[in-house]
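The figures that follow rest on heavy atoms only: side chains count, while hydrogens, waters and symmetry mates do not.
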Amino acid sequence: MLDAARLASTPYSKPFIDVAAGLITRPDGSLLLAERPAGKPWAGWWELPGGKIEAGESVLEALARELKEELGIDVNESTPWVTYTHEYPKTIVRLSFCRVTGWTGEPAGIEGQRLAWVDPRQSLRIGPLLPATEPPLRWLRLPDQYLLTSIGDYTGLDPFLEKLETALHKGVKLVQFREPAWAVAGSPDDVYTAFLQVAQRCHDAGARCLVNSCHPEEWWRQADGVHFRTDDAGSAAAQAYASAKNASTAKPSDQTAAPANTSTSSVYLIGVSAHTASDLAAAQALDADFVVLGHVLATPSHPDAAGMGWERFSDLAAQAGRPVFAIGGQSPRTITTARQYGAHGIAGIRFPVE
């Protein structure tokens with residue numbers, strides 16, 4: 001992927017194309033893919049339906065037009081999702097991925113292309129996929145709710161575990177163990193015991209547990225991923241950039257900074273907290289799987305600080321190049337709004353057990 005800073009500062013001779021691409025999904029989670037027809041570049045490769053954005057069109061307008069022309073459907077429910085830039089051998093393509101959940105008509109290959117409904121959570125029986133189609137299929141595996149712990153100290157562990165059980169029963173599949181105050185003031189053994197119990201509850205329920213970077217690096221290898229605080233992400237990203245700069249065969253944007261002895265595969269996740277465009281650049285340097293962006297609305301966690309609001313959230317989310325969770329004042333009541341402004345889902349401490 002090309003990050004926004006590199007794209008803006010580097011002169012390219014290749015044609016630059018803006019494309020709207022649709023993730024057309026059924027209620028059961030199946031996704032529609034299309035094979036590129038003979039006579040077009042990359043013929044025989046599979047992709048997400050869509051096409052070029054014409055002058056004067058919004059992303060959603062272009063997507064609706066392209067899906068009508070390619071598939072014969074009329075889109076009536078779609079939201080922006082991730083904007084991702086990919087460099088091909090002959091072109092640079094900025095893909096505005098959008099989720100399409102409502103349409104009329106039955107999709108058909110108007111241009112003679114083959115279509116297939118696939119389960120993005122399973123190995124695909126079709127292929128090959130266009131390179132820029134692979135990341136969104138991986139991102140679709142992320143759940144749309146991200147729960148952060150709020151235990152406080154050892155007296156709060158049992159009550160929290162009860163709330164966690166309720167949240168997991170309601171379908172929460174991604175949890176972050178994050179106890180910065182307890183880590184400073186409490187017994188390290190108590191905090192570690194709490195982490196192990198939270199992780200075990202998550203695994204018993206088929207959920208993943210990430211650990212915040214405020215906790216010892218030795219714990220990261222026992223979790224399903226690490227979530228970097230803003231300052232930690234910046235430091236790790238700087239190290240990654242310096243390492244890449246000194247490598248004779250690598251580019252900074254090709255590098256992934258990962259904790260020692262861990263995997264950055266689809267199993268091991270890297271998340272980053274972000275508030276600014278600079279924070280998003282750090283997330284890109286780390287090749288993070290997702291970003292938590294905010295705070296968006298008023299929240300008890302920051303009673304004296306105004307939220308950035310949905311418009312600012314939308315502007316920043318479009319620069320992330322990966323799924324973004326909205327945080328700050330979020331609940332099941334806000335998830336629809338969050339998606340309308342480009343969020344993948346919502347993150348927070350309280351919402352899953354309201």
Honestly curious: do Phe97 and Trp42 fall in one hydrophobic cluster under the side-chain, below-4.5 Å linking rule?
-> yes
Is a side-chain N or O of Gln113 found less than 3.5 angstrom from the main chain of Glu111, in a donor-acceptor match?
-> yes
State, yes or no, whether a side-chain contact exists between Thr149 and Phe195 at a heavy-atom distance under 4.5 Å.
-> no
Report the residue from Leu148, Val198, Leu210 that forms a side-chain contact (heavy atoms from CB on, under 4.5 Å) with Val175.
-> Val198
Cluster overlap Leu147 with Phe228, hydrophobic side-chain contacts below 4.5 Å | yes
Ion pair Arg322/Asp289, N-O distance below 4.0 Å = no
Gap separating the CG atom of Leu137 from the CH2 atom of Trp46, nearest 0.5 angstrom = 12.5 Å
What do the steps show when you test Ile270 against Asp287 for side-chain contact (heavy atoms from CB on, under 4.5 Å), and what is the final call?
-> CA-CA 8 Å; Ile270 294 178; Asp287 195 22; over 6 Å; no
Glu69/Arg65 ion pair, N-O < 4.0 Å = yes
Would you say Thr166's side chain and Glu162's backbone share a donor-acceptor pair under 3.5 angstrom?
-> yes
So do Phe177 and Ile151 actually touch side chain to side chain, heavy atoms under 4.5 Å?
-> yes
Any Trp139 side-chain heavy atom under 4.5 Å of His344 side chain | no
SG of Cys209 to CG of Leu269: how many Å apart, nearest 0.5 Å?
-> 11.0 Å
Reported CG-to-CD distance for the pair Leu115 and Glu35, which is rounded to 0.5 angstrom = 9.5 Å
Would you say Glu311 and Tyr341 make side-chain contact, with heavy atoms under 4.5 Å?
-> yes
Under 4.5 Å between side-chain heavy atoms, hopping through other hydrophobics if needed: is there a path connecting Leu140 to Trp117?
-> no
Do the side chains of Glu179 and His215 get nearer than 4.5 Å, heavy atoms only?
-> yes
Looking only at heavy atoms, what is the nearest atom pair of Ala132 and Leu95, with distance?
-> CB-CD1, 3.7 Å
His203 atom NE2: more than 12 heavy-atom contacts under 6.0 Å = yes
Heavy atoms, side chains only, cut-off 4.5 Å: are Pro136 and Val82 in contact?
-> no
Cluster check Met308, Val292: I/L/V/M/F/W/Y, side chain < 4.5 angstrom | no
Nearest non-hydrogen partners of Ala288 and Val272, listed with the distance | CB-CG2, 3.8 Å
CG of Leu33 to CG of Leu48, rounded to nearest 0.5 Å, is 5.5 Å
Do you know the tightest heavy-atom contact between Asp224 and Ala207?
-> OD2-O, 4.3 Å
Dump the intermediate steps for side-chain contact (heavy atoms from CB on, under 4.5 Å) on Leu297 and Gln330, then the final yes or no.
-> CA-CA 8 Å; Leu297 306 176; Gln330 303 305 305; 3.9 Å; yes
Only one of Leu63, Thr25, Leu31 forms a side-chain contact (heavy atoms from CB on, under 4.5 Å) with Val100, so which one is it?
-> Leu63
Search all heavy atoms of Arg36 against all heavy atoms of Lys40 and return the closest pair with its distance.
-> NH2-CB, 3.7 Å
Steps toward side-chain contact (heavy atoms from CB on, under 4.5 Å) verdict (Arg94, Thr85) | CA-CA 4 Å; Arg94 179 164 54 200; Thr85 303; 3.7 Å; yes
Report yes if the side chains of Trp220 and Ser213 come closer than 4.5 Å at any heavy-atom pair, otherwise no.
-> yes
What pair of heavy atoms forms the shortest contact from Leu174 to Pro143, and how long is it?
-> CB-CG, 3.5 Å
Going by atom types alone, do Thr101 and Glu77 pair a side-chain donor with an acceptor below 3.5 Å?
-> yes
Aromatic ring pairing Phe290/His227, orientation class (parallel under 30°, perpendicular over 60°, tilted between) = tilted
Is the number of heavy atoms from other residues, nucleotides or ligands within 6.0 Å of CZ (Arg339) greater than 12?
-> yes
With a 4.5 Å heavy-atom cut-off, do Val324 and Phe313 have their side chains touching?
-> yes
CG of Asp189 to OH of Tyr154, rounded to nearest 0.5 Å, is 14.0 Å
Main-chain N/O of Arg333 paired with Ser331 side-chain donor or acceptor, under 3.5 Å | yes
Taking everything shown except Tyr88 itself, do over 12 heavy atoms lie less than 6.0 Å from its OH?
-> yes
Which atom names give the shortest non-hydrogen contact between Gly51 and Glu70, and what distance separates them?
-> N-OE2, 4.3 Å
If Ile, Leu, Val, Met, Phe, Trp and Tyr residues are connected whenever their side-chain heavy atoms lie under 4.5 Å apart, and connections chain through other members, are Val19 and Leu60 in the same group?
-> no
Does a side chain donor of either Gln319 or Asp315 reach within less than 3.5 Å of an acceptor in the other side chain?
-> no
side-chain contact (heavy atoms from CB on, under 4.5 Å) involving Thr230 - partner list, sequence neighbours excluded = Ser273, His275, Asp279
Would you give the length of the straight line joining atom CZ of Arg141 to atom NZ of Lys173, rounded to the nearest 0.5 angstrom?
-> 16.0 Å
So, does Ser314 use its side chain to make a donor-acceptor pair with the main chain of Trp310 at under 3.5 Å?
-> no
Full working for side-chain contact (heavy atoms from CB on, under 4.5 Å) between Ile327 and Tyr146 | CA-CA 9 Å; Ile327 195 169; Tyr146 186 25; over 6 Å; no
Among Leu67, Leu32, Ile110, which one satisfies side-chain contact (heavy atoms from CB on, under 4.5 Å) with Ile73?
-> Leu67
Counting only heavy atoms not in Asp119, do more than 12 sit closer than 6.0 Å to its CG atom?
-> yes
Taking the side chain from Thr334 and the backbone from Thr337, do they hold a donor-acceptor pair closer than 3.5 Å?
-> no
